[in-house]
Amino acid sequence: MHPRIEDYALIGDLQTAALVGRDGSIDWLCLPRFDSPACFAALLGDTDNGHWRLAPHSPEARARRSYRGDSLLLDTVWETPTGSVRVTDFMPQRDRMPDVVRIVEGLHGSVAMRGVLRLRFDYGRVVPWMRAAEGSRVAIAGPDSVWLRTPAGGRTYGKDFSTCSDFTVAAGERAAFVLTWHPSHEPRPNLIDPFQALEDTLEDWGDWSARCRYTGPYRAAVIRSLITLKALTYAPTGGIVAAPTTSLPEEPGGVRNWDYRFCWLRDASLTLNSLISAGYLDEAGAWRDWLLRAVAGAPADLQIMYGLGGERRLPEAEVPWLSGYADSRPVRIGNAAVEQRQLDVYGEVIDSFHVARTAGLPAEAHAWSIQRTLVDYLAATWRDPDEGIWEIRGPRRHFVYSKVMAWVAADRAVRAIEADPKLSGDVDRWRAMRDEVHREVCERGYDAERGAFTQFYGSAELDAATLLIPRVGFLPGDDPRVRSTVDTVRRELTTGGLVRRYSTADGSVDGLPGGEGTFVVCSFWLADALRLTGRHKEARELFERLLALRNDVGLLSEEYDPVAGRQLGNFPQAFSHIGLVGTAFELLGATGAD
């Protein structure tokens, strides 16, 4: 059986990341980038597909874990009948080659430890050739080479196509393992000092976390979410991946399994808001610059997502040799949704530049030209149907949220020129578009009988994305239609008080069988909407309930099953942590009561 998704913790080096289970096993790691093939893929198969377990040999060992301070260094303390040890897992921030460091420290008594390393390149398919060399062990297969340094005094040996290490640690002793990847055609990279790397990495994270300017009552949760967002950043380009995993299911045993190791434009403005609010202007600027590079080109070619460096081709394929998490098949790499038409992304991109401009980020000379071109294109195409924010794999429709975000694009462009008349653009056309979109959405997107803005024109279905209507400024929070929409969504689109994206009851909307859990960020949107409609106490109560959904180290996945009480979907999910940070700032200083 697979561990629960919430049983994992995250370590990373700002270019890739690994998932470490409560049992001391690293079950997922892609090297050298987030989107590279995994060399540990037990998460989506079994241990034969690659993992690295380091834990006491005793079957009676019991563990507790936490991050060390405001960092991404994971401490797991193991208690055994003969003593206790602490295993610290981390990945130092790097210039070129990635390292995974695991340090075992004796706390009291003595503990017999065992390490089992099974490297399986190409998503658990390729067994490398392992040999001893230069005092280490090196594994090679095709383009990949991994060096493993083990502590002196232990016994390291091969068994069942794995590398095992047996050693004992007494109180006050330390033993370090270092796993280093590099291209197989290049010479071995320089060795790091694992103990100095620990101190340097702890200092790096401490300095970064100290810059957070949130001072409210949820500071610990906000900083942990910001650290997670930083960990999901691909430092060379500034792109932020939606999650470091692929194919963790939205329904165990189902087919809703997608690759999230890419950068979505839909996250752009909310990400910028969170980073800027927390005082991370450098990260916000890097994300804005990644966005500028990615969207450059013909406006008709704007994609909903891009690769870490802005790559456009993300072909989807299936990995049949992996059985899937909890037998959830297929396991997918790449994402065919990249070919979809989602008009809302134009609004999200334009809003991102608006957020950056109002925050005072230094302007790029060509930024306004790109925005003007995108708005002009949208002015001619916003009446078209699309697949919508949720990447519906069914027929195109006139999704209400897509139209609302078309309004946002026009509104932000108009406001930019009003604030800076030196900017050029057809402002009269944009104002007319803004008015027309607003009028049409209010006439065709609102169902007076249902008392709600609906998912798409002519439908009675609900959509959690309409909770964003007051947040983006389309209508104020005191508008009766907004309050009624919030109440209707809350009444009909929640399970156990948590919000689903939309109804998947018969698959008629998204064209897929099966269902999914509640969508974590949508519940944060509900908390925001409650605050904006004046219900501050209810908003705070919901937010605190959402905080309780985090796992023991403060991480959230994409979805949550309130019936089974477990996390679902790719993990950890940037959108969920963006929602947490955004709502914490929304609640900061909010006053009043229901």
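Values reported hereafter were calculated over all heavy atoms of this structure, with side chains retained and with hydrogens, waters and symmetry mates removed.
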Peer 1: May I ask you to decide whether R149 forms a salt bridge with E134, counting only side-chain N to carboxylate O separations under 4.0 Å?
Peer 2: no

Peer 1: Without hydrogens or angle criteria, can the side chains of D27 and Y8 be said to hold a donor-acceptor pair below 3.5 Å?
Peer 2: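 A donor-acceptor contact under 3.5 Å links the two side chains.
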
Peer 1: Judged by modelled atom types alone, do N257 and S328 share a side-chain donor-acceptor pair under 3.5 Å?
Peer 2: no

Peer 1: Would you check if S58 and P81 make a side-chain contact, meaning some heavy-atom pair closer than 4.5 Å?
Peer 2: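 S58 vs P81: side chains touch.
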
Peer 1: Heavy-atom distance under 4.5 Å between the side chains of R118 and N49, does that happen here?
Peer 2: no

Peer 1: M130 and side-chain contact (heavy atoms from CB on, under 4.5 Å): which partner among V138, V146, L119?
Peer 2: L119

Peer 1: Indicate whether any N or O donor in one side chain lies under 3.5 Å from an N or O acceptor in the other, for S136 and R188.
Peer 2: yes

Peer 1: Can you find a heavy atom in the side chain of Y560 that is under 4.5 Å from one in the side chain of L568?
Peer 2: no

Peer 1: Any salt bridge linking D166 with R114? Criterion: basic side-chain nitrogen under 4.0 Å from a carboxylate oxygen.
Peer 2: yes

Peer 1: For the residue pair R65 and A9, what are the closest heavy atoms and their distance?
Peer 2: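 Reported closest heavy-atom pair: NH1-N, 3.6 Å.
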
Peer 1: Are any of the side-chain heavy atoms of V87 and D75 separated by less than 4.5 Å?
Peer 2: no

Peer 1: State whether E318 and R329 are salt-bridged, where the test is any N-O pair (Lys NZ or Arg NE/NH1/NH2 against Asp/Glu carboxylate O) under 4.0 Å.
Peer 2: no

Peer 1: When you check the side-chain N and O atoms of E283 and W208, is any donor under 3.5 Å from an acceptor?
Peer 2: yes

Peer 1: Hey, are E559 and R566 close enough for a salt bridge, meaning a charged N less than 4.0 Å from a carboxylate O?
Peer 2: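 Looking at R566 together with E559, the answer is no, because their closest N to O distance does not fall below 4.0 Å.
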
Peer 1: Going by distance alone, is a donor N or O of one side chain under 3.5 Å from an acceptor N or O of the other, for W205 and D70?
Peer 2: no

Peer 1: Taking all non-hydrogen atoms of both residues into account, name the closest pair between T245 and D259 and its distance.
Peer 2: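 In this case the closest contact between T245 and D259 is O-OD1, 4.0 Å.
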
Peer 1: Taking the side chain as everything from C-beta on, heavy atoms only, tell me whether R120 gets closer than 4.5 Å to F161.
Peer 2: yes

Peer 1: Can you label the angle between the W525 ring and the F575 ring as parallel, tilted or perpendicular, going by 30° and 60°?
Peer 2: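 Geometry flag for F575 against W525: perpendicular rings.
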
Peer 1: Report the residue from R102, E105, R68 that forms a side chain to side chain donor-acceptor pair (under 3.5 Å) with T88.
Peer 2: R68

Peer 1: Is there a side-chain contact between L73 and Y67 (heavy atoms, below 4.5 Å)?
Peer 2: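 SC-SC contact between L73 and Y67 ruled out.
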
Peer 1: Hey, mind stepping through Y280 and K230 against side-chain contact (heavy atoms from CB on, under 4.5 Å) and telling me if it holds?
Peer 2: CA-CA 10 Å; Y280 291 102; K230 178 69 171 177; over 6 Å; no

Peer 1: Parallel under 30°, tilted from 30 to 60°, perpendicular over 60°: which one fits the rings of W52 and F177?
Peer 2: perpendicular

Peer 1: Is a donor from one side chain sitting under 3.5 angstrom from an acceptor on the other, for D528 and T583?
Peer 2: yes

Peer 1: Decide yes or no for Y214 and I223: does some side-chain heavy atom of the first lie under 4.5 Å from some side-chain heavy atom of the second?
Peer 2: no

Peer 1: May I ask you to say whether R256 pairs ionically with E251, meaning some side-chain N is under 4.0 Å from a carboxylate O?
Peer 2: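 No.
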
Peer 1: Any chance the side chains of R155 and S165 put a donor and an acceptor closer than 3.5 Å?
Peer 2: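 There is no such pair between these side chains.
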
Peer 1: For D160 and S162, does a side-chain donor sit closer than 3.5 Å to a side-chain acceptor?
Peer 2: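 Looking only at side-chain atoms, S162 and D160 do not form any donor-acceptor pair under 3.5 Å.
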
Peer 1: Side-chain contact test, heavy atoms from C-beta onward, threshold under 4.5 Å: evaluate it for Y260 versus E558 and give yes or no.
Peer 2: yes

Peer 1: Would you mind checking if E6 and R550 are paired as a salt bridge, meaning a charged N to carboxylate O distance below 4.0 Å?
Peer 2: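 Looking at R550 and E6, the cut-off is not met.
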
Peer 1: Quick one: does NZ or CZ of R33 land under 6.0 Å from the six-membered ring centre of Y234, within 45 degrees of the ring axis?
Peer 2: yes

Peer 1: Do you see a donor-acceptor pair shorter than 3.5 Å between the side chains of W28 and H51?
Peer 2: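 No, because no side-chain N or O of W28 sits under 3.5 Å from a partner of the opposite role on H51.
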
